[in-house]
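We count ligands from 1, going down the list as the structure has it; atoms in each ligand are counted the same way.
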Amino acid sequence: VPVLAIDVGGTKIAIAEVSGGRIANRRQAPTPRTGRGDDLVAAIAELAPKGGFEAIAVATTGIVRDGALTALNPQTLPIEDGYPLASAIGRAFGIAPLVVNDAQAAAWAEFRLGAGKGFRNFAFFTVSTGIGCGLIVDGRLESGATGLAGHAGHAMSVPGGTLCGCGRRGCLETVASGTALARLGSVRLGRAVSAPELFAAAGEGNGMAAEIIAAAIDALVNSFADLTASVDIDCFAVGGGVGLASGFIGALQARSRDLPPVFRRPIVAAQAGADAGLLGAAMLACQK
Ligand code: BMX
Ligand code: ZN
């Protein structure tokens with residue numbers, strides 16, 4: 001049974017048909033960042049095929065509670081609080097969708113058929129516009145009663161640090177997300193740089209760029225250690241546009257070797273790639 005899978009990120013919307021764990025007819029468009037959920041649904045409807053599927057699965061950035069979407073960090077995706085995404089998509093397509101947080105969906109795909117296969121306690125981190133995380137504890141995907149489970153991007157890395165869109169200060173996301181790297185890089189380098197440009201500058205020997213990236217690596221590795229101390233994670237997989245940038249995983253692994261051994265766990269690259277959210281959401285919709 002083909003599932004129409006939709007991934008709503010802070011930067012782009014991706015859509016594909018998934019059947020038998022395979023992705024077909026993938027297409028994508030920029031995410032309308034208007035602050036209106038209805039504009040998201042209109043962009044999805046425009047991008048999607050008109051039929052040929054029997055179920056719909058949506059992975060989205062933000063907190064998903066009973067099919068409603070709220071941005072924890074409105075800078076990652078501006079939207080009305082509690083926007084009824086499931087019912088709006090249900091109305092647009094005539095099929096009630098399954099809606100799940102993007103990192104939670106990707107964690108499930110990695111756990112079932114990617115880097116997390118064979119582990120019982122597993123964490124997937126996406127380092128992209130924001131920092132998302134999905135947790136598998138004792139073989140089960142944790143979403144939490146309010147959908148907040150796994151939002152490790154909003155655990156504190158720098159006490160008293162930069163104000164995060166979520167309302168706290170010094171969240172991991174304010175130091176290590178693609179958005180944060182671009183912001184910090186632009187301030188320190190005195191010109192507008194994107195995250196990839198910051199990596200390029202560091203590669204060319206720019207010390208300030210390298211320092212910003214090292215601070216991000218350090219914050220991520222320490223948040224892995226914090227999670228390990230909380231729920232004894234067996235393995236961490238890292239994905240996302242920034243996470244999969246050349247040298248990033250290697251830098252995490254190297255920094256992790258400085259941790260006291262009890263906190264140290266394997267850190268590996270995500271395997272389901274940029275489509276893990278699509279796959280995971282489709283798998284969750286099928287098992288429902
Ligand atoms: C943010 C948060 C998470 C999300 C993560 C990665 C919002 C809108 N999103 O921490 O729910 O999983 O970003 O999202 O509050 P992405 O858009 O970078 O993939
Ligand atoms: Zn935050």
Near the Zn ion (ligand 2), which protein N/O/S atoms are found at less than 2.8 Å? His154 ND1, Cys164 SG, Cys166 SG, Cys171 SG
Donor-acceptor contact present, side-chain Arg26 to main-chain Ile15, <3.5 Å: no
Is the shortest distance from a Lys or Arg side-chain nitrogen in Arg265 or Asp234 to a carboxylate oxygen in the other one below 4.0 Å? no
Between Lys117 and Glu110, does at least one N-O distance fall below 4.0 Å, as a salt bridge requires? no
Spatial distance of atom OG1 (Thr61) from atom CG (Asn101) [nearest 0.5 Å]: 7.0 Å
Tell me whether the rings of Phe224 and Phe236 are parallel (<30°), tilted (30 to 60°) or perpendicular (>60°). parallel
Can you say whether the rings of His151 and His154 are parallel (under 30°), tilted (30 to 60°) or perpendicular (over 60°)? tilted
Looking at Asp38, Thr70, Thr60, which hits side chain to side chain donor-acceptor pair (under 3.5 Å) with Tyr83? Asp38
I'd like to know if the side chain of Thr129 pairs up with that of Thr11 as donor and acceptor (distance under 3.5 Å, no hydrogens or angles considered). yes
Indicate whether the side chain of Gln253 and that of Arg255 have a donor and an acceptor atom separated by less than 3.5 Å. no
Return the protein residues near ligand 1 (heavy atom under 4.0 Å from any of its atoms), ordered by chain and residue number. Gly9, Gly10, Thr61, Gly62, Ala71, Leu72, Asn73, Thr76, Leu77, Asn101, Asp102, Ser128, Thr129, Gly130, Ile131, Gly132, His151, His154, Glu173
